[in-house]
Amino acid sequence: QAKTLGGNTVQLFNSSLSTTSKERLALESSLRQAISGDQLEVYYQPKMSLNEESITTAEALIRWNHPEQGLIMPGSFIGIAEETGLINEIGDFVLEEACRQTSSWLSRGWEIRISVNVAAGQLRRGNLADQISELLDKHNIPAHLLELEITESQVMEDIDQAIELLSRIRDLGVTLSIDDFGTGYSSLSYLKRLPVNSLKIDRSFISHIDQNDNDSAITKAIIAMAHSLDLTVIAEGVETQDHIQFLSQHDCDEVQGYFISRPLPVSEFNEFIETKLKAG
Ligand code: C2E
Ligand code: MG
Ligand code: MG
Ligand code: MG
C-alpha cells in the first residue's frame, strides 16, 4: 500500500519495481534507524487445532512502528531488507524476541509454540542451526516449542544446502513448516526429501474454497498428500465459518486466519488466550 507523501518527504513505501534508487536509499536508511531505534515490534497470530479447538501456536509477524507513518506492514519493507542484507538483523531480532516471549509464556504456565518466518538470506548465512541452538539454551525453552516457516522458493534456491541445514535444525527438535504451500515450484520428489513436519496451504486457495471447484480440489489434494507423507497440514487465511467447516470436513489439522484472530500485539494476544482459557 504505497503512500504518497507531500512536501519534500521522499515517498518511502512503493513496490520495489517502481521505486527509484534515491527512494530505496531513503527506505534503507530509515529501516536501519528502525532496527537500532526500537521501532520494530513482533505481533502474534494464533493457529488453532481443529480437533481440540485449542490454540497450539503463535506465528511471529514483524511490524514497523514508524514515528511519522504509523504502523507499516512487512510487505512494504521485507523486500528491501532482503536486498540490503538488513533482513539478517531483522531476523535476529524476531528470533530473539520470539524465544524471549515463549519463555515468558512458559513462566505463566502457557505452552504455546512459536512460529517464526525465516528469510532466504538467513538460510544462506549458514549459521542458523547454531544460532537457534544457542537461543533455545539461553531462553531455556524446549526445541519443540519453536517452529520455522520456510517457503518453497527459498528451499529451491539450493535444495541440497537447504536439506542439510534444515536437517541440522530438525535434529535439534525444532519443527519445520513449508509456508504458502502450493504457490512455489512444488515438486513431489523434493517434498519427500525435505525434513519438514507440516505444510501450510496458501491463503489464495482458501479464500474461494467454498465457491471455486479448482481451489477446493487443490486443497483436498494437498491435505491428502500431506497426510500420506506423514505431514500435518494447516490452512492460512481462514476468514469464515464456511472455511472452517470445509477444512474440518476434509481433515485439515490446523487453521489460522482472521476468523480466529488477526495478528495481535503481545498484550492483546495474551488477553485473547486468557479469554479462551476462561471459556474452557
Ligand atoms: P506469511 O508468513 O504467509 O503470513 C501470513 C500473512 O497473511 C500475514 O501478513 C497475516 O497478517 C496475513 N493474514 C493472516 N490471516 C489472514 C486472513 O485471514 N486473511 C488475510 N487476508 N490475511 C491474513 P503480514 O503480517 O503482513 O506478513 C506478510 C508476509 O511478510 C508474511 O507472510 C511473511 O512472508 C513476511 N513476514 C512477516 N514477518 C516476517 C518476519 O519476521 N521475517 C520474515 N522473513 N518475513 C516476515
Ligand atoms: Mg508465515
Ligand atoms: Mg503464509
Ligand atoms: Mg501467504
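Just follow the structure's listing: the first ligand is 1, and inside any ligand the first atom is 1. Just so it is clear, the structure is predicted and the values come from calculations on it, not from any experiment.
Nearest-residue assignment for atom 12 (C) of ligand 1 (options Glu97, Arg203, Lys200; heavy-atom criterion): Arg203. Here the shortest heavy-atom distance to atom 23 (C) of ligand 1, taken over Phe259, Tyr258, Tyr43, belongs to Tyr258. Summarising the contacts of atom 20 (C) of ligand 1 with Arg262, Gln122, Glu239, the nearest heavy atom is found in Glu239. Across the listed options Arg63, Gln45, Gln154, Met73, Arg63 owns the non-hydrogen atom lying nearest to atom 25 (O) of ligand 1. Comparing Pro74, Gly91, Gly237, Gly121 by heavy-atom distance to atom 30 (O) of ligand 1, the nearest is Pro74.
Note on Arg63 versus Glu97: no salt bridge recorded, every NZ/NE/NH1/NH2 to OD/OE distance being 4.0 Å or above. Between Arg168 and Asp130 there is a salt bridge, with a side-chain nitrogen of the basic residue lying less than 4.0 Å from a carboxylate oxygen of the acidic one.
Contact analysis leaves Gly75 out of contact with ligand 1, as no non-hydrogen atom separation drops below 4.0 angstrom. Look at Glu82 and you'll find every heavy atom at least 4.0 Å from all atoms of ligand 1.
Close N/O approach between Leu61 and ligand 1 is not found [any backbone or side-chain N/O within under 3.5 Å]. For ligand 1, none of its N or O atoms has an N or O atom of Gln256 under 3.5 Å away.
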| query | Given the rule in the side-chain hydrogen bond (donor to acceptor under 3.5 Å, both in side chains) test, do Asp242 and Thr240 qualify, once you have shown the distances and angles that lead to the verdict? | reply | CA-CA 5 Å; Asp242 287 347; Thr240 66; 5.1 Å; no
| request: Decide yes or no on side-chain hydrogen bond (donor to acceptor under 3.5 Å, both in side chains) for Gln33 and Ser30, but give the supporting numbers first. | output: CA-CA 5 Å; Gln33 274 173 19; Ser30 62; over 6 Å; no
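A donor atom on one side chain and an acceptor atom on the other are not found under 3.5 Å apart for Glu147 and Ser177. Ser167 and Glu164 share no side-chain donor-acceptor pair at under 3.5 Å. For the 3.5 Å distance criterion, the side chains of Asn117 and Glu59 qualify, holding a donor opposite an acceptor.
At a cut-off of 2.8 Å, measuring from the Mg ion (ligand 2), the protein N, O or S atoms that fall short of it are Glu59 OE2, Asn117 OD1, Glu149 OE1, Asp179 OD2, waters left aside.
Side chain of Glu236 to backbone of Arg203: a donor-acceptor contact under 3.5 angstrom is found.
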Extract all donor-acceptor atom pairs below 3.5 Å that involve side chains of residues 266-280 and protein atoms in other chains or at least two apart in sequence.
from   : atom 1 : to     : atom 2 : distance (Å)
Asn270 : OD1    : Trp105 : NE1    : 2.8
Glu274 : OE2    : Arg108 : NH2    : 2.5
Thr275 : OG1    : Glu271 : O      : 2.7

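Following chains of ILVMFWY side-chain contacts shorter than 4.5 Å, one can reach Leu194 starting from Met156, so the two form part of one hydrophobic cluster.
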